[in-house]
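Just so you know, these numbers use all the heavy atoms, side chains as well, and skip hydrogens, waters and symmetry mates. All residue numbers in this chain count up from 1 along the given sequence.
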Amino acid sequence: MAKKPSRNGKKRASRAKANGSKGPVLVTGASGFLGRHVVDALLAAGVGPVRTLQRRPTTLLERLGVTQLEGSVTDPDACASAMDGVRYCVHLAGSVKRGRGGSDQGTFDVHVDGTRQILRAAEAAGVARTVHVSTSGTSAVSRDPVIHDETSPFAVGIVRRWPYYLSKLYAEKVALEAAERGQDVVVACPTLLLGPGDEDLSSTQDVLRFLRGELPVVPSGGLSFIDVRDAAAAVVAALERGESGERYLLGAENLDFVAFFRRLERVSGTRGPSVRMGSRSQPLAARALGLIGAVTGLDGDEAASVDMARYFWYLDPKKAKTALGFAPRPGDETLRDTVDWLLSHPHLRPRRGILGVATRSVRQGLGR
C-alpha cells in the first residue's frame, strides 16, 4: 500500500484546492448500477450540483437534472474540460466484464489509464478531493474463508488471472500513489453490489439466473455482498469524512454459497440447486467452460465466474463503520429488494453464456 502523506500535506490539499463550498461534484460512470445510486445520494445530501462524464447521455440522468458531458475518461481533454470548477470528484467509470470475453487491453485502458487521466485533471483543476471507487476484490479474496480488512495485502497472485480485478488493482495503486504525492484521494472498495435498479445486470445477473433455475450446482467458495444504496451512501460520506490515502472496504455480510442460496430460497420462494461442486472439480469445470467458450464464441465470463466462485471474498467493514458512519441494512432486506426488482422487470435477460447452456443440458439429461 502507498505511504500516507503527512497530515499537514493532507490539510493543504483539502483547503488550498477547494473550488468553492458548493461547486459541482463530477461523477464518472454515472450511468452504471452504482453510479446512478451515487448521483441519487449526492442530490439527496445536497453536496452540490452534479455533473457527469460518460460516453453517452441517458434520459434517467436528464430527468434528475444533472449536467451530462460526453467523453471518455481515457481522453485527457475531456477529463480537463469536465473538471473545470469542480469541487469534488467521484471516479466510478469502468468495465464490468470479469472474464476474457472482451479486450484485456481495453479493460486496462479504462481502469488504469482512465484513473490516471482523471487524477491528473483533478489535480490540475484544484479539485478538493477525489473518491476513487475500486473493489474489495483487489485484496479481500483468498482460497480459505479468511476475513480481510484494509491491512490485507493486494491479492496479486490470485487476481492476475482475471483482467477485471487485476486492472482494478493497478488502478487502485495509481490512486494511492497520487495520495502519497500529496493529492487528496480516498479509495472506496465495495464488494458485490445487490439491490434494485441493475438495468444492465452488471451485478445481479446470477441472482436472476437463480430465480430462473439456471444455476446447476452450488459453488464451493463464499461471497460478501452489500446493498448498492448503502455503498452509494458510503461513497458520498467518503467525500467529507474519509481520510486521504486511506482505503475503506464496504460489505454487509459474508456467506458461503450454501448459506447464500438458502437465504435466496427463503426470500424468493424459489428452490435453488442442491448439488455442491467440489473445490477440486471446480477449477477443471472452469477450464472446460473456458475451452467451450473459446470454441463456440460464447461469453467467457462464465468460466471466470466458475473459477472465482471457489474463492472466499470475505471482509470486515469495521473501518468504514467507524470513519464514515457506514451502516449497512440487513442482508435479507437487500436480497428481498433485489428479487422483487428483478421479478418486476421480466424483460431483462442475462448475457448469453456457457452456464445456461450447461444447465439446460444437465436438465435434459435428468429428464427435468
Side-chain angles (χ1 to χ4, degrees), residues 29-41 52 54-64 92-99 101-102 135 164 190-219 223 225-232 252 257 260-261 263-273 289 293 296-306 308-309 329 331-363:
S31 61
F33 185 29
L34 179 56
R36 292 191 296 270
H37 284 279
V38 166
V39 170
D40 286 341
T52 67
Q54 61 214 53
R55 290 186 179 276
R56 291 175 297 277
T58 70
T59 54
L60 175 60
L61 292 173
E62 182 180 359
R63 288 197 298 267
L64 292 175
L92 286 148
S95 168
V96 297
K97 184 173 285 294
R98 294 173 293 177
T135 169
Y164 172 82
T191 185
L192 175 67
L193 299 165
L194 298 179
D198 189 10
E199 295 279 357
D200 298 324
L201 296 177
S202 59
S203 292
T204 60
Q205 174 168 250
D206 288 332
V207 176
L208 181 58
R209 283 181 169 152
F210 176 94
L211 296 174
R212 293 177 174 172
E214 295 178 354
L215 296 181
V217 294
V218 183
L223 55 75
F225 68 89
I226 181 177
D227 194 292
V228 65
R229 295 162 291 189
D230 297 331
F257 279 101
F260 180 68
F261 284 175
R263 294 275 287 276
L264 277 177
E265 284 183 340
R266 187 170 71 246
V267 302
S268 68
T270 301
R271 180 169 162 252
L289 289 175
T296 63
L298 292 173
D299 193 342
D301 273 4
E302 298 288 3
S305 295
V306 171
M308 292 175 195
R329 69 197 68 202
D332 276 10
E333 180 181 339
T334 298
L335 294 179
R336 189 172 295 109
D337 287 352
T338 304
V339 168
D340 289 347
W341 190 87
L342 289 170
L343 292 179
S344 68
H345 291 73
H347 65 283
L348 298 176
R349 293 288 182 270
R351 291 186 298 274
R352 182 171 179 253
I354 301 165
L355 194 55
V357 175
T359 306
R360 288 193 294 275
S361 299
V362 170
R363 285 183 166 173

Note: Gly35 and Leu92 closest approach over all heavy atoms is CA-CD1, 3.7 Å
Determine the minimum heavy-atom distance between Arg56 and Gln54, stating which atoms define it.
O-NE2, 2.9 Å
Please indicate whether Arg55 has more than 12 foreign heavy atoms, meaning atoms of other residues, nucleotides or ligands, lying under 6.0 Å from its CZ.
no
Aromatic plane relationship, Phe260 with Phe257 - under 30° parallel, 30 to 60° tilted, over 60° perpendicular:
perpendicular
Decide side chain to side chain contact (heavy atoms under 4.5 Å, CB included) for Leu223 and Thr191; before the verdict, give the C-alpha distance in whole Å, the side-chain angles of both, and the deciding distance to 0.1 Å.
CA-CA 9 Å; Leu223 55 75; Thr191 185; over 6 Å; no
When rounded to the nearest 0.5 angstrom, what is the spacing between CG in Leu343 and OG1 in Thr270?
7.0 Å
For the CG atom of Leu215 and the CZ atom of Phe261, what is their distance to the nearest 0.5 Å?
5.0 Å
Would you give the length of the straight line joining atom CZ of Arg266 to atom CG of Asp332, rounded to the nearest 0.5 angstrom?
4.5 Å
Walk me through it: do Glu199 and Leu348 pass the test side chain to side chain contact (heavy atoms under 4.5 Å, CB included)?
CA-CA 7 Å; Glu199 295 279 357; Leu348 298 176; 4.2 Å; yes
Using side-chain heavy atoms (C-beta onward) and a distance below 4.5 Å, is Val207 in contact with Trp341?
no
Of all the heavy-atom pairs spanning Asp198 and Ser203, show the shortest one and how long it is.
OD2-N, 2.8 Å
Which value, rounded to the nearest 0.5 Å, describes the distance between Leu335 atom CG and Phe210 atom CZ?
10.0 Å
Set of salt bridge (charged side-chain N to carboxylate O under 4.0 Å, His left out) partners for Asp337, sequence neighbours left out:
Arg229
Closest non-hydrogen atom pair, Ala232 against Val38:
CB-N, 3.7 Å
Non-neighbouring partners of Asp340 that pass side-chain contact (heavy atoms from CB on, under 4.5 Å), sequence neighbours left out
Arg336
Side chains of Leu208 and Gln205, heavy atoms from C-beta outward: is any pair under 4.5 Å?
no
What is the distance from atom CG of Leu192 to atom CE of Met308, rounded to the nearest 0.5 Å?
11.5 Å
Evaluation steps, side chain to side chain contact (heavy atoms under 4.5 Å, CB included), between His37 and Leu193:
CA-CA 11 Å; His37 284 279; Leu193 299 165; over 6 Å; no
Pairing residues for Thr334 by the side-chain hydrogen bond (donor to acceptor under 3.5 Å, both in side chains) criterion, not counting sequence neighbours:
Asp227
Minimum-distance pair of heavy atoms, taken over all atoms of Gly195 and Phe33
O-CZ, 3.7 Å
Return the minimal non-hydrogen interatomic distance between Ala30 and Val39, and the atom names on each side.
CB-CG2, 3.9 Å
When rounded to the nearest 0.5 Å, the distance separating CG of Asp230 from CG of Leu194 is 11.5 Å
